[in-house]
Amino acid sequence: CSDCHSKKASSTRLLSESDFETQKIAKARNYRIENVRVITTKKSGYPLVNTFVDEKSHKSYLIKKSTNDTALIKSPLPICIEGKAHERLSCESCHSAWVSQCIGCHTSYEAETKGYDMLSNQDRNGTWIEYASEGLAELPILGMRMNKDSSLTIGTFAPGMIMNLDHNFPGFEKETTFHRLYAPVSAHTTIRKGRNCKSCHNSSLAIGYGRGKLEFSMNGHWSFYAEYQDNPNDKLPEDAWIGFLKERNDLVSTRLNMRPFTVSEQKKILQVGSCLSCHDESSSVMQQSLVDFEKVLRRRSSKCKLPAW
């Protein structure tokens, strides 16, 4: 996202100096090549042929593929880049409209059911049967992903495997195993307007507790009432990634460099959520908190209640 949507394109190249294949694509689309500077991706240096940068104004433009009309590529809003509040937040965390979510699957091995062995390329007796549960399309769950430089970014996740696996055949020590793994997702459901503050800081789904009622009382206590019953295998709500204000020490994701929020991170999220319980997100105090949240806390009135952990 930031390759194009930034205050100033940080990586550009003259289209005439690009590789033969890129220039051929540009010519096929009837784009001008000489003296045209295009945006290149930071990760691989790939030239985006349907962009160009105005040398005088330094503004970036998109050439629409369907009409060849040009459109100004807008910079991120201040709320996206001001202060340190959202510096670790990926663009898709706010701008994904929904992700597909499937919870509560059950897979069993049925020895007498006819199946197809993909390795031996022949029919056989015995196959795996999956019984799907509930499929949903809602705002994504948020969690942490570790980058190559060991920095952390908040990204989007969905249930990757919440499943009872019934082995039911000789050679396995356990008859059944249970897995609760979440997977990183890039939903490709990008929308212009980002999700609101409460949909992250006051949402049990976003934090990883699962669907339900997340409340902050004026005595300073957070409480959570799950919508789904606890799974008997790990005592977590059927659609949860983590327990309420708890951590997990087992395998949590389909990727080793991905994880849910720690208790410390959960508390930081909910601390902002406690402020949002009273203050509107567009209020001056919440706008100031984006720049320096600790400074805003120091100036709070006696009426403000901080969470009692």
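Predicted model, so just to flag it, every value in this text is computed and none were measured. In this chain, residues are counted from 1 in sequence order. These numbers come from the heavy atoms of this one structure, side chains and all, not from hydrogens, waters or symmetry mates.
- Counting only distance, with no hydrogens or angles, the side chain of Thr189 and the backbone of Trp98 share a donor-acceptor pair below 3.5 Å.
- Classification of Glu55 and Arg37 as a salt-bridged pair holds, one side-chain N sitting under 4.0 Å from a carboxylate O.
- Of the possible donor and acceptor atoms, one in the side chain of Asn196 sits under 3.5 Å from a partner among the backbone N and O of Lys198.
- The aromatic rings of Tyr182 and Trp241 lie parallel to each other, with less than 30° between the two planes, well short of the 60° mark.
- Between the side chain of Thr51 and the main chain of Val38, no donor-acceptor pair closer than 3.5 Å is present.
- Through side-chain heavy atoms spaced under 4.5 Å, either directly or across other Ile, Leu, Val, Met, Phe, Trp or Tyr residues, Leu276 is tied to Val272, Val285, Met286, Phe293, Val296, Leu297, Leu306.
- A distance-only check finds a donor-acceptor pair linking the side chain of Gln266 to the backbone of Leu245 [under 3.5 Å].
- Under a hydrophobic clustering in which Ile, Leu, Val, Met, Phe, Trp and Tyr are joined whenever their side-chain heavy atoms come within less than 4.5 Å, directly or via other members, Ile141 and Tyr228 fall into the same cluster.
- Open room surrounds OH on Tyr46; 12 or fewer heavy atoms of other groups in view lie less than 6.0 Å from it.
- At least one donor-acceptor pair closer than 3.5 Å links the side chain of Asp3 to the backbone N or O of Lys42.
- Ile269 pairs in a side-chain contact (heavy atoms from CB on, under 4.5 Å) with only one of the listed residues (Ile154, Ile207, Leu142), which is Ile207.
- Just one of Glu227, Glu138, Glu238 meets the salt bridge (Lys or Arg N to Asp or Glu O under 4.0 Å) condition when paired with Arg211; it is Glu138.
- Note: Phe244 and Tyr209 have perpendicular aromatic rings, judged against thresholds of 30 and 60 degrees for the angle between ring planes.
- No donor-acceptor pair closer than 3.5 Å links the side chain of Asp69 to the backbone N or O of Lys64.
- Within 6.0 Å of OH in Tyr116 there are more than 12 heavy atoms belonging to other residues, nucleotides or ligands.
- Proximity of a side-chain donor or acceptor of Arg195 to a complementary backbone N or O of Ser199 within less than 3.5 Å is detected.
- Here the side chain of Ser16 pairs no donor or acceptor atom with the backbone of Glu34 at under 3.5 angstrom.
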Practice problem: Begin with the C-alpha distance, continue with both residues' side-chain angles, and end with the deciding distance and a verdict on side-chain hydrogen bond (donor to acceptor under 3.5 Å, both in side chains) for Thr40 and Ser11. | Solution: CA-CA 5 Å; Thr40 58; Ser11 181; 2.4 Å; yes
